[in-house]
Protein chains: 2
Amino acid sequence: MNPLHLSNQLCFPFYSISKEIIKRYRHILKPLNLTYPQYLVMLVLWEEDHVTLKSIGERLQLDSGTLTPVANKLIEAGYVKKTRNPEDERQLVIQLTERGHALQKEAEQIPVKVHDIYGLSEEEYVRYKTMLDDLSMKLGLTSNKEKC
Amino acid sequence: MNPLHLSNQLCFPFYSISKEIIKRYRHILKPLNLTYPQYLVMLVLWEEDHVTLKSIGERLQLDSGTLTPVANKLIEAGYVKKTRNPEDERQLVIQLTERGHALQKEAEQIPVKVHDIYGLSEEEYVRYKTMLDDLSMKLGLTSNKEKC
DNA sequence: TATAATTAAGTTGTGTACAATTTAATTCTA
DNA sequence: TAGAATTAAATTGTACACAACTTAATTATA
């Protein structure tokens with residue numbers, strides 16, 4: 001077993017599977033005029049509207065250097081708007097527009113289409129989900145407010 | 001179960017775990033003056049030297065738009081050089097330089113350090129590896145020449 | 001065998017990622 | 001309470017990632 005062989009790396013399947021999943025999402029998300037990171041921000045907002053950019057970043061593990069342009073794209077697209085928190089002018093508060101709310105209806109089709117992406121049975125899907133959530137926890141990626 | 005909740009997506013842990021792993025590799029690879037994609041190319045070359053850019057791309061699931069600049073960085077760093085295949089001038093042949101070969105010795109430390117990254121037991125590590133290789137196969141990401 | 005089709009790299013443009021730094025607002029503390 | 005420390009966004013610079021396109025070489029075929 002050569003530890004420097006590509007096929008013996010655990011990092012590589014994570015890297016290539018992640019890219020492949022996002023690539024497949026691209027086609028599904030294109031009609032909604034969303035990229036994958038933009039979609040993640042919308043998921044957060046559909047769960048809880050009117051949140052700070054900072055808290056979105058904590059949820060998605062993205063810093064301002066990534067999130068600022070993503071948020072601006074969503075504003076351009078007309079899905080969200082930003083205001084400052086009057087009680088703390090440093091904080092940017094992101095909230096859905098009418099169009100942003102309306103988009104949720106269309107997005108409800110996505111998880112259905114996505115299921116085909118993996119080619120997994122319900123049982124396998126859950127098994128992957130459980131193992132990955134475990135590892136997320138081990139890597140310190142899971143905030144406390146998860147699970148619904 | 002709300003299918004649009006972030007915590008119910010299988011894509012998201014793949015995305016965030018993959019980014020986190022690469023982030024941790026960054027620190028390990030920095031002393032070798034390699035980024036993660038550059039390291040992957042080196043892994044391929046240490047397995048089999050003197051291969052075309054195309055075949056590296058197939059192995060790593062990367063197209064020329066990504067690989068061309070990565071290869072150029074490795075040339076700048078002095079780890080590889082490129083020549084054209086005289087029998088087919090379209091093909092770029094990549095091969096290790098002396099420094100590129102020498103780097104392999106240093107890189108042998110990496111998988112040892114990397115193991116700490118995951119916080120997994122040997123058994124868990126193997127279980128993750130097996131499941132991910134399975135999914136890679138399902139997604140059509142695995143070429144035929146794998147396993148060593 | 002000339003031309004069409006295919007192929008391998010390279011190029012261009014858009015959109016992340018993220019480290020490092022800057023700016024402005026808020027909080028801490030001597 | 002004035003200056004120091006901290007914090008949230010934004011900015012800058014580097015490096016992918018990939019779709020779409022271009023260029024040049026090779027192969028297929030009418």
Side-chain angles (χ1 to χ4, degrees), chain A residues 11-12 14-30 33-42 51-77 80 82-94 141, chain B residues 11-12 14-27 29-30 33-41 51-77 80 82-94 141:
Chain A
C11 58
F12 183 63
F14 273 113
Y15 168 76
S16 59
I17 290 171
S18 173
K19 283 194 305 151
E20 180 66 19
I21 294 171
I22 291 171
K23 213 179 291 183
R24 294 182 185 199
Y25 264 87
R26 233 186 296 278
H27 301 292
I28 298 173
L29 294 174
K30 196 164 192 179
N33 193 29
L34 290 175
T35 64
Y36 183 72
Q38 290 165 18
Y39 174 61
L40 291 180
V41 172
M42 294 305 287
V51 290
T52 65
L53 196 63
K54 173 75 175 165
S55 70
I56 296 173
E58 281 167 2
R59 199 78 194 285
L60 301 179
Q61 315 289 337
L62 293 171
D63 74 356
S64 67
T66 304
L67 262 187
T68 297
V70 170
N72 287 338
K73 284 282 160 191
L74 289 173
I75 293 166
E76 277 178 48
V80 308
K82 62 179 174 186
T83 50
R84 292 278 168 177
N85 178 357
E87 280 164 22
D88 186 342
E89 289 282 343
R90 290 171 303 182
Q91 295 182 345
L92 204 57
V93 178
I94 308 291
L141 297 174
Chain B
C11 58
F12 183 63
F14 272 113
Y15 167 74
S16 58
I17 290 171
S18 172
K19 283 193 304 150
E20 179 65 20
I21 293 171
I22 291 170
K23 211 179 293 183
R24 295 182 185 200
Y25 264 87
R26 233 186 296 277
H27 301 293
L29 294 173
K30 195 163 192 180
N33 193 29
L34 290 175
T35 64
Y36 184 72
Q38 290 166 17
Y39 174 61
L40 291 180
V41 172
V51 291
T52 65
L53 196 63
K54 173 77 176 165
S55 71
I56 296 173
E58 281 168 1
R59 199 78 192 286
L60 300 180
Q61 316 289 338
L62 294 171
D63 75 355
S64 67
T66 303
L67 261 188
T68 297
V70 170
N72 287 338
K73 284 281 161 190
L74 288 173
I75 292 166
E76 276 177 49
V80 309
K82 63 179 174 185
T83 51
R84 293 276 168 178
N85 178 358
E87 280 163 22
D88 186 343
E89 288 282 343
R90 290 171 304 180
Q91 295 181 345
L92 203 58
V93 179
I94 308 293
L141 297 174

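By convention in this document, chain letters (A, B, ...) are assigned in the order of the sequence lines, proteins followed by strands, and residues within each chain are numbered from 1.
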Nearest-nucleotide comparison on DNA chain C, the residue closer to the 5′ end among A/Leu62 and B/Asp88: B/Asp88
Check whether any side-chain N or O of B/Asn72 sits under 3.5 Å from a backbone N or O of B/Ile75 as a donor-acceptor pair, and report yes or no. no
Please check if the side chain of B/Thr66 supplies one atom and the backbone of B/Leu62 the other of a donor-acceptor pair under 3.5 Å. no
Spacing of [X] atom [atom1] relative to [N] atom [atom2], expressed in whole Å:
X	N	atom1	atom2	result
B/Lys23	C/dC18	NZ	C1'	8 Å
B/Glu89	D/dT27	CD	P	12 Å
A/Lys54	D/dT6	NZ	C1'	11 Å
B/Glu58	C/dA9	CD	C1'	14 Å
A/Tyr39	C/dT16	OH	C1'	18 Å
A/Ile21	D/dA17	CD1	C1'	16 Å
A/Arg90	C/dA25	CZ	P	10 Å
B/Asp63	D/dA20	CG	C1'	10 Å

Any donor-acceptor pair under 3.5 Å between the side chain of A/Ser64 and the base of D/dA10? yes
Side chain A/Thr35 and base C/dG15 donor-acceptor under 3.5 Å: no
All side-chain hydrogen bond (donor to acceptor under 3.5 Å, both in side chains) counterparts of A/Ser55, not counting sequence neighbours: A/Thr52
Name the residue closer to the 5' end of DNA chain D, choosing between A/Lys19 and B/Pro86 according to the nucleotide with the nearest heavy atom. A/Lys19
Taking only N and O in the side chain of B/Lys82, is any of them less than 4.0 Å away from OP1 or OP2 of C/dG10? yes
Within the structure, does a side-chain N or O atom of B/Tyr36 lie under 4.0 Å from either OP1 or OP2 of D/dA15? no
Which nucleotide in the list D/dA9, D/dC16, C/dG15 gets nearest to the side chain of A/Gln38? C/dG15
A/Val80 and A/Ala71 have their tightest heavy-atom pair at CG2-O, 4.2 Å
